[in-house]
Number of protein chains: 2
Amino acid sequence: MKKKTSSDLSQMCKALGNPIRMKIFEHLKEADKCICGEIVNILPIAQATVSQHLKVLKTAGLIKGAICGPSTCYCINKDALDEFKKMVKEF
Amino acid sequence: MKKKTSSDLSQMCKALGNPIRMKIFEHLKEADKCICGEIVNILPIAQATVSQHLKVLKTAGLIKGAICGPSTCYCINKDALDEFKKMVKEF
DNA sequence: TCTCTTTATCGTAAATTTACGATTAATAAC
DNA sequence: GTTATTAATCGTAAATTTACGATAAAGAGA
């Protein structure tokens, strides 16, 4: 894994700096893993928007998505979360 | 001090989720304290924009500003930083 | 007082983000 | 095959953010 920089930290912060994405991440953290549709159900926003937010979290490296039949199964990227915590700790 | 919520964490993340603001905060952390003009000098952006970013950091509670003669002296809010670290640790 | 310095705020343009419905793509079930 | 389900992507509108120059406000020093 590539060494993370202050810029990576900023990007992760930005991804979590949106209340909807924070909720998604927290749900994923508690649910261990779940499909996109489940997230759509617990949030008051459209499916397209949820997909967009998931993409942002994925691009930031914070979550992983695996195609699973017709649906996509998302889970947090534990390594990235640990790295995030480590960076903030040393911040 | 009021109990911080997941929403406060999101707001702090958002404030640090901009590379310029991240730089400002890091500078303030190392410099202990400095006036606005010094920050303007080390960044490639206009004074008005720096002032705007400082306001965002201040609103998020991450920094404090004290009027000091004709200038304003900024410093990090150590309590808020500690609280931020604590929240991320327990995240 | 007048002038200079410093920084906040105003007004605004451009870029980005957020949100949506519609559509597409891909699999599952029949 | 057809149909239903699920999620990504497209196109786009609205909101927000970021940036700037100009101006205002407030203190320092002559």
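In what follows, chains carry the letters A, B, and so on, assigned in the order in which the sequence lines appear, proteins first and then strands, with residues in each chain numbered from 1. The shown structure was predicted, so the numbers you read here are calculated from the model rather than taken from an experiment.
- Distance, B:Ile24 CD1 to C:dT7 P: 13 Å, rounded to whole Å.
- Proximity of A:Asn18 to the phosphate of C:dT18: a side-chain N or O atom is located under 4.0 Å from OP1 or OP2.
- Look at A:Lys14 and you won't find any side-chain N or O under 4.0 angstrom from OP1 or OP2 of C:dT16.
- Between B:Tyr74 and C:dT6, a side-chain N or O to OP1/OP2 separation shorter than 4.0 Å is absent.
- Residue side chain A:Gln52 does not reach the base of D:dA8 through any donor-acceptor N/O pair under 3.5 Å, judged by distance alone.
- At the phosphate of C:dT9, OP1 or OP2 sits under 4.0 Å from a side-chain N or O atom of B:Lys55.
- Protein atom CD1 of B:Ile39 is 14 Å distant from nucleotide atom P of C:dT6, rounded to whole Å.
- Both B:Val50 and B:Ile42 sit in one connected hydrophobic cluster of ILVMFWY residues. Membership requires side-chain heavy atoms under 4.5 Å apart, directly or through other members.
- Atoms CG (A:Leu43) and P (C:dC20) sit 11 Å apart, rounded to a whole Å.
- Heavy-atom contacts from other residues, nucleotides or ligands closer than 6.0 Å to NZ of A:Lys85 number more than 12.
- Of the candidates C:dA8, C:dT18, D:dC20, the closest approach to any side-chain atom of A:His53 belongs to C:dT18.
- Nucleic acid contact for A:Ala48: base, since at least one base atom lies under 4.0 Å from a heavy atom of the residue.
- Checking the phosphate oxygens (OP1, OP2) of D:dT5, no side-chain nitrogen or oxygen of A:Ser71 falls inside 4.0 Å.
- Within the nucleic acid shown, B:Ser51 comes within 4.0 Å of at least one base atom, counting heavy atoms only.
- Phosphate proximity of C:dT18 to A:Arg21: present, with a side-chain N or O under 4.0 Å from OP1 or OP2.
- Under the 4.5 Å side-chain criterion, counting only non-hydrogen atoms from C-beta, A:Phe84 is in contact with A:Leu9.
- By the 6.0 Å and 45° rule, B:Lys29 stacks over the aromatic ring of A:Phe91.
- Counting non-hydrogen atoms under 4.0 angstrom, A:Lys58 reaches nothing in the nucleic acid.
- For the pair A:Cys68 and A:Ile45, nearest-nucleotide mapping onto DNA chain C gives the more 5' position to A:Ile45.
- Nearer the 5' end of DNA chain D, as judged by each residue's closest nucleotide, is the contact made by A:Ile35, out of A:Ile35 and B:Pro70.
- With DNA chain D read from its 5' end, the first of the two nearest nucleotides for B:Thr49 and A:Gln47 is the one closest to A:Gln47.
- Look at NZ on A:Lys23: it is 14 Å from P on C:dT18, rounded to the nearest Å.
- With rounding to whole Å, B:Ile67 atom CD1 is found 11 Å from C:dT7 atom P.
- Using a cutoff of 4.0 Å between basic side-chain nitrogens and carboxylate oxygens, B:Lys86 and B:Asp82 are not scored as salt-bridged.
- We find the CD1-CG distance between A:Ile63 and A:Asn77 to be 9.5 Å, quoted to the nearest 0.5 Å.
- Atom-to-atom, CD1 of A:Ile20 to P of D:dT16 comes out at 14 Å; the value is rounded to the nearest Å.
- Atom CG of B:Leu57 and atom C1' of D:dT18 are 14 Å apart (whole Å).
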